[in-house]
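To start, the structure under review is shown below, and the notes come after it.
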Amino acid sequence: MPVPSAVSTSSPPMSGDTHVLAAESEFLSSIETWINDVFTPISDGFSAFVFAEISVFGVSFPWIVAWLVLAAAIFTIYFGFIQFRRFKLATQIVRGKYTDKSEPGEIHHFQALASALSGTVGLGNIAGVGVAVTIGGAGATFWMILAGLLGMCTKFVECTLGVKYREEHEDGTVSGGPMHYLRKGLAERFPNAFGVGLGKVLAVLTAIGILFFGIAGGSMFQANQTFQQVRDVTGGDDGLFGSDGSALIFGIVLALVIGVVIIGGIKSIGAVTGRLVPAMAVVYIAACLLVIVMNIGHVPAAIGEIVSGAFTGEGVAGGMIGALIVGFQRSAFSNEAGLGSAPIAHSAVKTKNPATEGFVALLEPFIDTVVVCTMTALTIVIASPQMWLNTKATVAAGGEAPDNEQGVTITSEAFGTVLPWFPYVLTVAVVLFAISTMITWGYYGQKAWTFLFGRSRVGERIYQVLFCLTGVVGCVLTLGSVLSFADAVVFSLALFNIIGLYLLMPVVKKEVKGFLGKLKTGEIQRTDKEPQS
């Protein structure tokens, strides 16, 4: 997932320093310069719209953040805080307690959850959180958690619809996502020219956005960040990966690894992410817990700082409102709730009841934001590395906000207070996070591709080759303006997707009522129970 920069995202959230070219050779640099020059006006114009800022009590933030958080709050109220009332049921479903293995679909609930999580858990959980608690202070963590809890309901809504309107093909494979539920759902609910037309327009725009971001953001950017992390930890310009030739070789190897997985389809992706995501989470959270345990005496004060800072915002940019906005923004940009990407993976699940995957999907923001992001924030606040304290003071005094690279360094230094060798572990984590994100977005982009151009084996192979090749390009060239445009595109999806979610809320409520009714009457029983005689 993209890593937004600080409070203000009028500058491209993903790009970091877009003025630095990745390529060192004159030939590659000239190509990169030409592409950036052509794309910059397009990127700047569209980004200015998507990340246009509104001001609350003197603190500016992108309107798209308010759009996402407001939708999450409305869904939460409309569905009666279902993410809290049915949390236990969600954990039971993801463990396969209410779904028979013979039900239609390609992957099990846990694999669907892991596949979707692999697209959201990434550099943003490391760098983005470091930036957030620097600008918004410890109190930003409180609002980040709150926004994550609200976002659980958005995921519940869109992923229920994803399964409800998915297409099951003759070979047993499945296609789902916003392009399907917007087109079919709106035409079904509003069977007139307006409903059919609106559904088609929203579906096509969403598919185009997912395809473009899948190639530019999901492939190029992730490959670029992976190579940069490996290059930095191995000595930078003077190290093993300091030349353009090394970047090309690294990109080819990475492309081959990704290609082998995505060619196998969602079953292959589910099998890989079902192992990779839990392993990554365990290693990363274990490292967080180690830092916390080694500083156990500071835990009460840190928690007090998080709670009090949420309502006072002392010593941070923007005060209390600044802490709130940064926390909400970090959450919105972390878990993808409302963008429509996750329903593509969740739609492939084995189930006859769409609401089951809605319940499973609500666990995603909880894991991504409430658990992983919060663990990162708590680790930084408890360890209080000197760089964090100094940078936070600079920002509060009106100085320049940290970028994503500094966010990684802040997080790394927090771990380094207890684990001096942790930068190497962090590099491995970043690489694995990036690879898992590439795998998942490769699948998302493929489903958008087949929606736009038709489903065929040849067409899918063309897309897969294109996706892998752009990963190679991402290692060699930065193409900052292209990536900035992709960042704006993926967040523009929220505009199209959430309009559809509002219009289809009654459909989701009907699905939920039907599923819970079957549980109550015993028509659906736990599969791990002994049959009654």
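Since the structure is predicted, the reported quantities are computational estimates derived from the model, not experimental observations.
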Residues which pass salt bridge (Lys or Arg N to Asp or Glu O under 4.0 Å) with [X], listed by chain and number, not counting sequence neighbours:
X      : value
Glu103 : none
Glu413 : none
Lys447 : none

Would you confirm whether [X], through its side chain, and [Y], through its main-chain N or O, come within 3.5 Å as a donor-acceptor pair?
X      : Y      : answer
Ser47  : Ala488 : no
Ser492 : Val489 : yes
Thr440 : Thr437 : no
Arg166 : Pro354 : no
Thr134 : Trp388 : no
Asp368 : Glu364 : no

Selection residues 348-361 - residue pairs positive for salt bridge (Lys or Arg N to Asp or Glu O under 4.0 Å), sequence neighbours left out: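 Residue pairs with at least one partner in residues 348-361: there are none.
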State, with a plain yes or no, whether a side-chain heavy atom of [X] is found less than 4.5 Å away from one of [Y].
X      : Y      : result
Thr154 : Pro365 : no
Val283 : Leu432 : no
Pro278 : Phe110 : yes
Gln83  : Phe156 : no
Ile367 : Leu113 : yes
Asn353 : Tyr98  : no
Val508 : Phe79  : yes
Leu182 : Thr206 : yes

Would you check if the distance from the ring center of Phe311 to the ring center of Phe142 is below 6.0 Å?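 Between Phe142 and Phe311, which both carry aromatic rings, the centre distance is below 6.0 Å.
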Please determine whether the number of non-hydrogen atoms from other residues, nucleotides or ligands lying under 6.0 Å from atom CZ of Arg189 exceeds 12.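 Enclosed.
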From CA spacing to verdict: side chain to side chain donor-acceptor pair (under 3.5 Å), Thr160, Glu511: CA-CA 8 Å; Thr160 299; Glu511 286 294 329; over 6 Å; no
Please list every donor-acceptor pair under 3.5 Å in which a side-chain atom of residues 493-504 meets a protein atom from a residue at least two apart or in another chain.
residue: Asn497; atom: OD1; partner: Tyr181; partner atom: OH; Å: 2.5
residue: Asn497; atom: ND2; partner: Glu158; partner atom: OE1; Å: 3.0
residue: Asn497; atom: ND2; partner: Gly338; partner atom: O; Å: 2.8

Is the ring pair Phe359/Phe515 parallel, tilted or perpendicular, if the boundaries are 30 and 60 degrees?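 Rings of Phe359 and Phe515: tilted, as their planes differ by 30° to 60°.
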Taking the inter-plane angle between the rings of Phe51 and Phe491 on a 0 to 90° scale, is it parallel (under 30°), tilted (30 to 60°) or perpendicular (over 60°)?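 Because their plane-to-plane angle is over 60°, the rings of Phe51 and Phe491 count as perpendicular.
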Please report the interatomic distance CD1(Ile380) to SG(Cys288), rounded to the nearest 0.5 Å.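 Rounded to the nearest 0.5 Å, the CD1-SG separation comes out at 9.0 Å.
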How many angstroms lie between atom NE2 of His298 and atom CD1 of Ile382, to the nearest 0.5 angstrom?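 Here the interatomic distance stands at 9.0 Å.
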Residue pair Trp441, Phe213: steps toward the side-chain contact (heavy atoms from CB on, under 4.5 Å) verdict: CA-CA 8 Å; Trp441 271 96; Phe213 183 82; 3.6 Å; yes
Distance-only polar pair, side chains of Thr356 and Thr351, donor-acceptor under 3.5 Å: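 Thr351 and Thr356 do have a side-chain donor-acceptor pair below 3.5 Å.
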Identify each donor-acceptor pair in which a side-chain atom of residues 371-379 lies under 3.5 Å from a protein atom, sequence neighbours left out, and give them as a table.
residue: Thr374; atom: OG1; partner: Thr369; partner atom: O; Å: 3.3
residue: Thr374; atom: OG1; partner: Val370; partner atom: O; Å: 2.7
residue: Thr376; atom: OG1; partner: Asn125; partner atom: O; Å: 3.1
residue: Thr376; atom: OG1; partner: Tyr284; partner atom: OH; Å: 2.7
residue: Thr376; atom: OG1; partner: Val372; partner atom: O; Å: 3.1
residue: Thr379; atom: OG1; partner: Met375; partner atom: O; Å: 2.7

Please walk me through it: do Ile210 and Ser341 pass side-chain contact (heavy atoms from CB on, under 4.5 Å)? CA-CA 7 Å; Ile210 290 172; Ser341 53; 5.5 Å; no
Show, in sequence, the C-alpha distance, side-chain angles and deciding distance for Arg86 and Val512, and conclude whether the side-chain contact (heavy atoms from CB on, under 4.5 Å) test is met. CA-CA 11 Å; Arg86 300 295 179 177; Val512 175; over 6 Å; no
Given Val490 and Phe212, is the side-chain contact (heavy atoms from CB on, under 4.5 Å) satisfied, shown in steps? CA-CA 8 Å; Val490 77; Phe212 185 84; over 6 Å; no
